[in-house]
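For the numbers below, each heavy atom of this structure counts, side chains included, while hydrogens, waters and symmetry mates do not.
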Amino acid sequence: AFRTAIGAGDGTTPLSSITAAAGTNTINNANNAQNWQWNSLTGGIAMWLSSNSTAKTGSATLFTSSVSGALATGSISTYAASFSNTHTGTSLSNIAGRFSSSGGTTNTAGYFDAAGSATTNIAGNFVSTGATNNYAIIVPASSGSVGIGNPAPTSLLHVSGSFSTGYVAKTANYTAT
């Protein structure tokens, strides 16, 4: 279907000539990897997926990335998505991902869930190395408080539940002030 829509796949028919879908479509590329490049992009957005549908009556998702299946060996890592930004230059900030959420009663810019019958589930693993100053997570002071085990922290750091430090172990609820 996709190959027919753009000719023989030889680039003779531009993607801009594809007409709007009239129904649900599936493209099964089998074992044929796809590589889309914008090597001459000097500004703007290379690919934009958007929806301004306001008549939603249920949950909606604009983009989903999923990988699954039985692995032939247990010593590999698989990724449903991988983002990289490796520009070089001075006075440059590289950001591999930016998430924003607004306009709702509750807005969540990121939701991480690790569940299942694995030996170990990790919902977030943040690592920062190689620079003079390495910060795995920064929560700007102007943004408010951090809650660990508490979705509504009442102080700068609000820990609900058991925790330990290198110096003191505390097994009851504790609010740091």
Quick one: pull up CG in Asn85 and CG in Leu92 and give me the separation to the nearest 0.5 Å.
-> 7.5 Å

Separation of Leu71 CG from Ile76 CD1 (nearest 0.5 Å) | 4.5 Å

Single-linkage hydrophobic cluster [X]~[Y], side-chain heavy atoms < 4.5 angstrom:
X      : Y      : result
Phe63  : Met47  : no
Phe126 : Ile148 : yes
Phe112 : Ile122 : no

Would you say Phe99 and Ser101 make side-chain contact, with heavy atoms under 4.5 Å?
-> no

Give the minimum heavy-atom separation between [X] and [Y], together with the two atoms involved.
X      : Y      : answer
Leu62  : Ser51  : CD1-CB, 4.1 Å
Tyr111 : Asp113 : CE2-CB, 3.7 Å
Thr86  : Asn94  : C-ND2, 3.8 Å

Would you confirm whether Asn125, through its side chain, and Ala123, through its main-chain N or O, come within 3.5 Å as a donor-acceptor pair?
-> no

When you measure from the side chain of Ser65 to the backbone N and O of Ala80, does any donor-acceptor pair fall under 3.5 Å?
-> yes

